[in-house]
Amino acid sequence: MQWTLVIPLKTLALAKSRLADTATDGLRPGLALAFAEDTVAAALASPAVRDVAVVTDDALAGRVLAALGARIVPDEPRGGLNAALAHGAAAVRASRPDAPLAALNADLPALRPPELARVLDSAGEFPRSFLPDAAAIGTTLLAVAAGRELLPAFGTDSRSRHRASGAVELRLEAVDSVRQDVDTGEDLRAALSLGVGPRTAAAAAHLLIPGQ
């Protein structure tokens, strides 16, 4: 089974505000783009992934991620994360109605292709499933089989909300790179300790990060 991934990315100028204690206003957009580039590149390198659709209205991000091989879907709803994901899923299903889909966060700079494949292989056993983030509060991946609605419930406490919606929680060991999203300076330190992709490594070199 090969999956289509839908990755949402907000306008870079508005991204990663919670990294304000680690990166200045001038550096955060570039850091957010680097996260997305490393996420998309690793996803496309995974044997379980057929293609990637990025939902974004950011022109620069669209150009850069398209050059990596992603399909760019304009964020026409402009209604936030879940609306963007539902729109992206509908765009994919319009051309490939039989595609198994997975929503994936854009801020997984340490993502390892084999670990993503393990998660997706496990997700293939269920109609709808999700992977909690490293903090065990949020969600980094939500997957659905062909013919199933994505029904994303990302945002505050999304782990509980996805579980309450009937999605199966994937309980896997040794998939840290798929769970380590980056919202805060502490998250970034954790990702760096796992080993991030080249674009994030280059962007992070301009930061003064305690403990690194």
Side-chain angles (χ1 to χ4, degrees), residues 1-9 31-55 64-71 85 88-89 92 96 98-146 148 150 152 154 158-159 162 167-183 186-204 212:
M1 181 184 295
Q2 281 197 308
W3 295 74
T4 291
L5 303 187
V6 181
I7 298 179
L9 180 63
L31 202 56
L33 179 56
F35 295 166
E37 288 180 87
D38 285 332
T39 300
V40 168
L44 286 169
S46 176
V49 174
R50 173 174 174 167
D51 52 7
V52 170
V54 176
V55 184
V64 170
L65 298 175
L68 291 177
R71 170 187 176 183
L85 284 169
V92 169
R96 293 184 57 224
D98 60 340
L101 294 175
L104 184 72
N105 287 12
D107 58 351
L108 298 169
L111 187 63
R112 303 277 194 277
E115 291 184 16
L116 177 59
R118 282 193 59 220
V119 173
L120 291 171
D121 287 347
S122 180
E125 300 175 13
F126 307 100
R128 185 164 170 266
S129 58
F130 73 97
L131 185 73
D133 66 7
I137 297 172
T139 302
T140 57
L141 180 141
L142 174 68
V144 290
R148 295 281 181 150
L150 190 60
F154 286 84
S158 64
R159 179 190 185 190
H162 283 133
V168 174
E169 181 172 334
L170 301 174
R171 301 176 182 274
L172 299 171
E173 300 294 331
V175 291
D176 293 349
S177 76
V178 195
R179 300 183 63 199
Q180 188 57 67
D181 55 353
V182 176
D183 288 317
E186 183 178 352
D187 294 336
L188 181 54
R189 287 190 290 275
L192 289 168
S193 70
L194 289 174
V196 296
R199 300 159 187 89
T200 300
Q212 293 296 320

*Check the pair Arg199 / Leu68 against side-chain contact (heavy atoms from CB on, under 4.5 Å), numbers first and verdict last.*
CA-CA 12 Å; Arg199 300 159 187 89; Leu68 291 177; 3.7 Å; yes
Measuring from [X]:[atom1] to [Y]:[atom2], what's the distance to the nearest 0.5 Å?
| X | Y | atom1 | atom2 | value |
| --- | --- | --- | --- | --- |
| Glu115 | Ser46 | CD | OG | 10.5 Å |
| Ser177 | Leu194 | OG | CG | 7.0 Å |
| Leu108 | Thr39 | CG | OG1 | 4.5 Å |
| Asp38 | Leu33 | CG | CG | 9.5 Å |
| Leu9 | Leu65 | CG | CG | 6.5 Å |
| Asp51 | Thr4 | CG | OG1 | 3.5 Å |

Of all heavy-atom pairs between [X] and [Y], which one has the smallest distance, and what is that distance?
| X | Y | value |
| --- | --- | --- |
| Ala43 | Leu5 | CB-CD1, 3.6 Å |
| Val92 | Arg71 | CA-NH1, 3.9 Å |
| Val40 | Ala70 | CG1-CB, 4.1 Å |
| Gln180 | Asp187 | NE2-O, 3.7 Å |
| Thr140 | Pro132 | OG1-O, 4.2 Å |
| Leu172 | Val119 | CD1-CA, 3.7 Å |

*For residues Arg128 and Val144, determine if any side-chain heavy atom of one lies less than 4.5 Å from a side-chain heavy atom of the other.*
yes
*For the residue pair Leu188 and Leu31, establish whether any side-chain heavy-atom pair is separated by less than 4.5 Å.*
yes
*Check against side-chain contact (heavy atoms from CB on, under 4.5 Å), Leu131 and Arg179*: CA-CA 7 Å; Leu131 185 73; Arg179 300 183 63 199; 3.6 Å; yes
Just by modelled atom types, is the [Y] backbone N or O under 3.5 Å from a matching donor or acceptor in the [X] side chain?
| X | Y | value |
| --- | --- | --- |
| Thr139 | Phe154 | no |
| Asn105 | Asp107 | no |
| Arg118 | Glu173 | yes |

*Apply the test side-chain contact (heavy atoms from CB on, under 4.5 Å) to residues Glu169 and Phe130: give CA-CA distance (whole Å), side-chain angles for both, the deciding distance (0.1 Å), then the verdict.*
CA-CA 5 Å; Glu169 181 172 334; Phe130 73 97; 3.5 Å; yes
*Taking atom CZ of Arg148 as the centre, does the number of heavy atoms from other residues, nucleotides or ligands within less than 6.0 Å exceed 12?*
no
